[in-house]
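These notes concern the structure reproduced below.
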Amino acid sequence: MSIFEYNGSAVVAMVGKNCFAIASDRRLGVQLQTIATDFQRISKIHDRVFIALSGLATDVQTLYQRLVFRHKLYQLREERDMKPETFASLVSAILYEKRFGPYLCQPVIAGLGEDDKPFICTMDSIGAKELAKDFVVSGTASESLYGACEAMYKPDMEAEELFETISQALLSSVDRDCLSGWGGHVYVVTPTEIKERILKGRMD
Amino acid sequence: MKLDTSGFETSMPTIGFGSSNDMLDGFSTVPSFDLPRTTDFDGFQKEAVQMVKPARGTTTLAFIFKEGVMVAADSRASMGGYISSQSVKKIIEINPYMLGTMAGGAADCQFWHRNLGIKCRLHELANKRRISVSGASKLLANMLYSYRGMGLSVGTMIAGWDETGPGLYYVDNEGGRLKGDRFSVGSGSPYAYGVLDSGYKFDMSVEEASELARRSIYHATFRDGASGGVASVYHVGPNGWKKLSGDDVGELHYHYYPVPPAIAEQVMEEAAAE
């Protein structure tokens, strides 16, 4: 198994009507052994930008800490929050800095930009940005996730329907992956509120 | 290099004067495995062994107790990280009073167990009595020993009831054969052993033993990524084997550890809004 599959992860983000949803699994494992079922993979940068990191768990935590630091510095200097597009460029630059000894994670960034327009993107471990209009996936279950999202996604879904869709896509995909699952964590973000929900999934 | 195929020899002599007779092919000729045509046989062998090696992703267990033998297994088949099936039958019914468990390469286990079933039946017909568990496991162990080093992956337990009472043997592709009271095989076996060893008593009823077996498999599926699906539990008694249960492990989790519904907070919120 490759180093990206050492801890196991599944992350997906979807765009809705003036809202977005970002979801991840909750397993932390060491190859086949499950160590924890409450691992935080999705982190809030500020109220309108979320980042979820898949891949090696230690790099997930360290990279998150570095990004929070950089955003706080930005807030002090610019006296405002970062736009999601700007944040994505920042993540890309930080990852490319380590081009010959990379952070072994693949981020998924989701945010609400100007005029509450939802923005999602994913990157590989050295910062190649991939923007999408509908959904992005990452992690060991990414192939199953692509299939599930492709089948279930519809454009312009409202927050509740988006939550249902992303949850079903996540749960059905991780049920085909040995290394991810054991529950789910979903954030649905609209201009007015952030709803965080834990999913009851198969614990095997 | 000619493989030892004496295990396959039938007692019927070949008919004809040595030349192949199309009508009788498949009935009286001695089947043998073809060798691959390659220049680097050792390298090919090594690759073949490596291909099957990581495949013992499973949890199976069996134990002897007062009322017979309890056999349980999960039902997940994995290919590296991908789950190829959640509904594989890992407990193989060799004959109405003997069960075999599957761990390792699925094809290997299925083929060799069926082969063992054939040999057991032939033994019955030739000797007018059922084969013992000890005899059956020895047949399998000897067959596997002759293919030692060729990359078979079989980690099986033969459980049954014969004249001497309940019998349980562990047989693997190295040709090892162990008699014992409690075994667990597969990547999830350490977790299953933890629950099985701490809950085991010889004097258990069938219900207690089946609950212990089910719990052990459940705990293994929770911790081990390569085990999951359905926990099947079989009991082998003096009258043969009987399937006791097949519970979906996802549901078992919430049965053992129910999530307390957070009703109170919702009620309070509604009252405040009014």
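Numbered from 1 within each chain, the chains take letters A, B, ... in sequence-line order.
- More than 12 heavy atoms of other residues, nucleotides or ligands sit less than 6.0 Å from atom CZ of F202(B).
- The neighbour count for Y153(A) OH, taken as heavy atoms of other residues, nucleotides or ligands under 6.0 Å away, is above 12.
- Of the two parts of V249(B), the backbone and the side chain both hold a non-hydrogen atom closer than 4.5 Å to a non-hydrogen atom of chain A.
- A distance of 8.0 Å separates CG in L32(A) from OG in S227(B), rounded to the nearest 0.5 Å.
- From R223(B), atom CZ reaches atom CE of M203(A) across 10.0 Å, with rounding to the nearest 0.5 Å.
- Neither the backbone nor the side chain of Y218(B) comes within less than 4.5 Å of any heavy atom of chain A.
- Within a 6.0 Å radius of OH in Y256(B), more than 12 heavy atoms belonging to other residues, nucleotides or ligands are found.
- Heavy-atom distances place the side chain of T37(A), and not its backbone, under 4.5 Å from chain B.
- Remark: R197(A) CZ is packed, more than 12 non-hydrogen atoms of other residues, nucleotides or ligands lying under 6.0 Å away.
- For CD of E143(A), the number of neighbouring non-hydrogen atoms (other residues, nucleotides, ligands) closer than 6.0 Å is 12 at most.
- Considering CG of D204(A) and CD1 of I217(B), their distance stands at 12.0 Å, rounded to 0.5 Å.
- Neither the backbone nor the side chain of Y257(B) comes within less than 4.5 Å of any heavy atom of chain A.
- In terms of heavy-atom pairs under 4.5 angstrom with chain A, the leader among Q86(B), H253(B), E251(B) is H253(B).
- In this structure, I83(B) CD1 and L179(A) CG are separated by 8.5 Å, a value rounded to the nearest 0.5 Å.
- To the nearest 0.5 Å, atom CD of residue Q31(A) and atom CG of residue D224(B) are 11.5 Å apart.
- Q33(A) touches chain B through backbone and side chain together, each having a heavy atom under 4.5 Å away.
- Taking every heavy atom of both residues into account, Y82(B) and R176(A) meet most closely at CD1-O, 3.6 Å.
- A226(B) and C178(A) make their closest contact through CA-SG, 4.3 Å (heavy atoms, listed as atom of the first residue, atom of the second, distance).
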Extract all donor-acceptor atom pairs below 3.5 Å that involve side chains of residues 101-119 of chain A and protein atoms in other chains or at least two apart in sequence.
unit_1, atom_1, unit_2, atom_2, d
Y103(A), OH, R66(A), NH1, 2.9
D116(A), OD1, R48(A), NH1, 3.2
D116(A), OD1, R48(A), NH2, 2.9

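- Of all heavy-atom pairs between W182(A) and F222(B), the closest is NE1-O, 2.7 Å.
- A 6.0 Å sphere centred on CD of E79(A) holds no more than 12 heavy atoms belonging to other residues, nucleotides or ligands.
- Residue R70(A) qualifies as open at atom CZ: its count of foreign heavy atoms under 6.0 Å is 12 or below.
- For Y193(B), the OH atom counts as densely surrounded, since its 6.0 Å shell holds more than 12 non-hydrogen atoms of other residues, nucleotides or ligands.
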